[in-house]
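Structure record follows, encoded as structure tokens.
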Amino acid sequence: MTGPIGPAPTSPPRTAAEARAWARTGTALLLDAAAGLDEEAFRAPSLLPGWTRKHLAAHVAANADALGNLVHWAATGERTLMYASAEERAAGIAKGPDLTARQLRTWLTGSAHRLADGLDALTDEQWQRQVVTAQGRTVPATELPWMRAREVCVHAVDLGTGTGFADLPEGFLTALAEEIRAKRGLTALPGGPLPEVAAWLAGRPHTLADAPRLGPWL
């Protein structure tokens, strides 16, 4: 993408296989970044205003546990919500600063692996079962890998350890940009490299000179 603001391009729909691959890539980036953080580094600010890296790591770990609830729903048919309440979701984030670096890495890694194992165990029939997201959307379980891919890929950047949007898969960036563009109701996008456009759409730092300011997303 180069040049001035113009009509938003259309992109082919993402596949379930692509989303699962992106989730694996994002998880690896996130866990690798967290593995190199000591106690002091975890206490440092993330790229998200008001959140330390401990807050962010706790959020991503709690997200894996919450998505695991939806995997359980898909696997068993037993209605299991992501979070019992908004307060439960907030509590998961808030406890991050009280955990040690080792405890956070253990939670982050363990929850990610449990979620991946649960997704891998779903049958073709279970993948098609309907579950309800934290936002109240009813979706098939095939949406879960995409939901996780967004979390781990974008938040791997938000950790602020050197990973950037340019390090994320091009297909993921294309799908992410299209989804955010549609949700924001934008009919045109600024010109520039795809990673920078995706960062701008997500309300993250970018290098696009003349792009209007957008609020945060995710």
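Computed over heavy atoms, backbone and side chain alike; hydrogens, waters and symmetry mates excluded. These figures come from a predicted structure and were not determined experimentally. Index from 1, following the sequence.
Take Arg102 and apply the salt bridge (Lys or Arg N to Asp or Glu O under 4.0 Å) test, not counting sequence neighbours, and it matches no residue. Scanning for side-chain contact (heavy atoms from CB on, under 4.5 Å) contacts around Pro205 gives an empty result, with sequence neighbours left out. For Trp73, the ring-ring contact (aromatic ring centres under 6.0 Å, His included) test picks out no residue, with sequence neighbours left out. A search for side-chain hydrogen bond (donor to acceptor under 3.5 Å, both in side chains) contacts involving Arg24 returns nothing, not counting sequence neighbours. Residues that satisfy the side-chain hydrogen bond (donor to acceptor under 3.5 Å, both in side chains) test with Glu125, not counting sequence neighbours, are absent from this structure. Under the rule for a side-chain hydrogen bond (donor to acceptor under 3.5 Å, both in side chains), the partners of Thr52 that lie at least two apart in sequence or sit in another chain are His55. Not a single salt bridge (Lys or Arg N to Asp or Glu O under 4.0 Å) links Asp124 to another residue, sequence neighbours left out. Under the side-chain hydrogen bond (donor to acceptor under 3.5 Å, both in side chains) criterion, Asp98 pairs with no residue at all, not counting sequence neighbours. Partners of Glu179 under the salt bridge (Lys or Arg N to Asp or Glu O under 4.0 Å) rule, at least two apart in sequence or in another chain, are Arg150, Lys183. Listed by chain and number, the residues in a salt bridge (Lys or Arg N to Asp or Glu O under 4.0 Å) with Glu196 amount to none (sequence neighbours excluded).
For residues 105-117, the set of pairs meeting the side chain to side chain donor-acceptor pair (under 3.5 Å) definition, not counting sequence neighbours, comprises Asp65-Trp107, Asp65-Arg114. For residues 28-41, every residue pair satisfying the side chain to side chain donor-acceptor pair (under 3.5 Å) rule, not counting sequence neighbours, is listed here: Glu39-Lys54.
Exactly one of Leu29, Leu31, Thr25 qualifies for a side chain to side chain contact (heavy atoms under 4.5 Å, CB included) with Thr27. That residue is Leu31.
The shortest distance between side-chain heavy atoms of Pro212 and Trp200 falls below 4.5 Å.
Between Val157 and Leu47 the shortest heavy-atom distance is O-CD1, 3.4 Å.
Note on Val152 and Trp51: same hydrophobic cluster, where clusters join Ile, Leu, Val, Met, Phe, Trp and Tyr whose side-chain heavy atoms are under 4.5 Å apart, directly or indirectly.
By the 30° and 60° cut-offs, the orientation of the rings of Trp146 relative to Trp22 is perpendicular.
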